[in-house]
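First the structure, in the form of structure tokens, and then the observations on it.
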Amino acid sequence: EIYTLSLHDALPISATPPVPAGTTNVGDVRLSGGKIALVHCDQTASIRTALINTGQIAEADLTDINACGAPPDLATLSSYGAVLVWSNSPFQQPDALGNVLADYVDHGGGVVLATYSFSQSWQIGGRILTAGYSPFTVGTPISPPGLLDLANSNTSHPIMLGVNAGPYFVNSNYTNPLLTAGAVVIAVDTAGNRVVALNPTNRVVGVSIFPGFGDMGQLFANALNFIR
């Protein structure tokens, strides 16, 4: 037999039939997960190894995007759940890269900005450094101690779970980046320098450590999983 189901059969009497035209604003919807873009002006082998060795990020989820020259466009970034950005040579278009990263955040993406994005010679630029995006801005050079001060850091925050004090790689090109309005410091080093901070929307993490060297793979894996 064939049964015909009418609209009145399908909906309770108190239900409202769907509107055939128009849209309903349900706010921003963000789905967790997704692949990770490694946006850099550097080599990626060491950071890949550090992330994979945590057991929390799969190798198949990582894609290299060299941004030494032209930055990726928004369509490219939008296919990833999170982006990790760092430099070891100057970005040729730092403002364009920072602008497209801000666009990506505007569309719900999550970004981790790491050293040397906050160092003058290799810094990122554009809108990502404006209020409400990056928790850090460019700072002045320092020689950091290479150890986190866990006693004065928020070790209960998801970004810090399982993170050791270090050591982590350091040199004279590091900075103690300035904190932007509304940002919250998550971790400091043993000299009191700001190392990890989060922006007001929880979509951009700043880490003033160079990824891929030392005992900080867990920190970066946590940060990426927090925002994707």
Side-chain angles (χ1 to χ4, degrees), residues 26-52 54 56-119 121-138 159 177 180 197-212 217 219-228:
V26 297
D28 293 332
V29 177
R30 178 168 63 90
L31 301 180
S32 298
K35 296 185 181 297
I36 297 167
L38 305 178
V39 177
H40 62 90
C41 190
D42 191 25
Q43 304 296 317
T44 63
S46 61
I47 183 60
R48 278 178 161 272
T49 299
L51 292 173
I52 294 165
T54 66
Q56 296 181 349
I57 292 178
E59 183 174 9
D61 284 346
L62 300 175
T63 299
D64 296 354
I65 299 179
N66 189 309
C68 291
D73 59 23
L74 179 59
T76 298
L77 292 180
S78 295
S79 62
Y80 297 95
V83 175
L84 171 60
V85 184
W86 79 98
S87 63
N88 197 23
S89 294
F91 294 117
Q92 296 303 306
Q93 299 183 42
D95 290 341
L97 176 58
N99 288 339
V100 74
L101 289 171
D103 291 341
Y104 172 68
V105 173
D106 290 341
H107 285 75
V111 175
V112 176
L113 295 172
T115 293
Y116 294 93
S117 296
F118 311 113
S119 300
S121 298
W122 302 274
Q123 73 178 73
I124 198 167
R127 288 201 306 122
I128 197 68
L129 291 184
T130 60
Y133 293 96
S134 173
F136 287 149
T137 60
V138 177
I159 293 175
T180 58
L198 189 60
N199 83 332
T201 64
N202 291 346
R203 303 304 300 136
V204 185
V205 181
V207 185
S208 61
I209 293 175
F210 187 77
L219 172 62
F220 283 97
N222 288 349
L224 287 165
N225 284 332
F226 180 77
I227 60 170
R228 72 167 173 157

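- Counted within 6.0 Å of CD on Gln43, heavy atoms from surrounding residues, nucleotides or ligands total 12 or fewer; the atom is thus considered open.
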Step-by-step side-chain contact (heavy atoms from CB on, under 4.5 Å) determination, Leu51 to Ile47:
CA-CA 6 Å; Leu51 292 173; Ile47 183 60; 4.0 Å; yes
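- Within the 4.5 Å cutoff, no side-chain heavy atoms of Arg203 are placed close to those of Val111.
- In this structure, Pro135 and Leu198 approach most closely via the heavy-atom pair CB-C, 3.7 Å.
- In this structure, the side chain of Ser87 does not engage the main chain of Ile124 through any donor-acceptor pair within 3.5 Å.
- Residues Pro90 and Trp122 share a closest heavy-atom pair of N-CD1, 3.2 Å.
- None of Thr54, Val207, Ile159, Val205 except one satisfies the side chain to side chain contact (heavy atoms under 4.5 Å, CB included) rule with Phe220; the exception is Val207.
- Relative ring orientation between Phe118 and Phe136 is described as perpendicular, the plane-to-plane angle rising above 60° on a 0-90° scale split at 30° and 60°.
- Applying the salt bridge (Lys or Arg N to Asp or Glu O under 4.0 Å) test to Asp42 and every residue at least two apart in sequence or in another chain returns nothing.
- A distance of 6.0 Å separates OG of Ser46 from CZ of Phe210, quoted to the nearest 0.5 Å.
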Show me, pair by pair, the donor-acceptor contacts under 3.5 angstrom made by side chains of residues 125-133, not counting sequence neighbours?
residue, atom, partner, partner atom, Å
Arg127, NH1, Tyr133, OH, 2.9
Arg127, NH2, Asp103, OD1, 2.5
Arg127, NH2, Asp106, OD2, 3.1
Thr130, OG1, Arg127, O, 2.5
Tyr133, OH, Asp106, OD1, 2.6
Tyr133, OH, Asp106, OD2, 3.3

Listed pairs under 3.5 Å, donor-acceptor, residues 64-85 side chains, sequence neighbours left out:
residue, atom, partner, partner atom, Å
Asp64, OD1, Arg48, NE, 3.1
Asp64, OD1, Arg48, NH2, 3.4
Asp64, OD2, Thr44, OG1, 2.7
Asn66, OD1, Cys68, N, 2.9
Asp73, OD1, Ala75, N, 3.4
Asp73, OD1, Thr76, N, 2.8
Asp73, OD1, Thr76, OG1, 2.7
Ser78, OG, Leu74, O, 2.8
Ser79, OG, Thr76, O, 2.7

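- Atom OG of Ser117 sits about 12.5 Å away from atom NE2 of His40, to the nearest 0.5 Å.
- Side-chain atoms of Phe226 and Asn202, non-hydrogen and from C-beta on, do get closer than 4.5 Å to each other.
- Residues Leu62 and Ile52 have side chains in contact (heavy-atom distance under 4.5 Å, counting atoms from C-beta outward).
- Ser208 is listed as a side-chain neighbour of Thr115, based on a closest heavy-atom distance under 4.5 Å.
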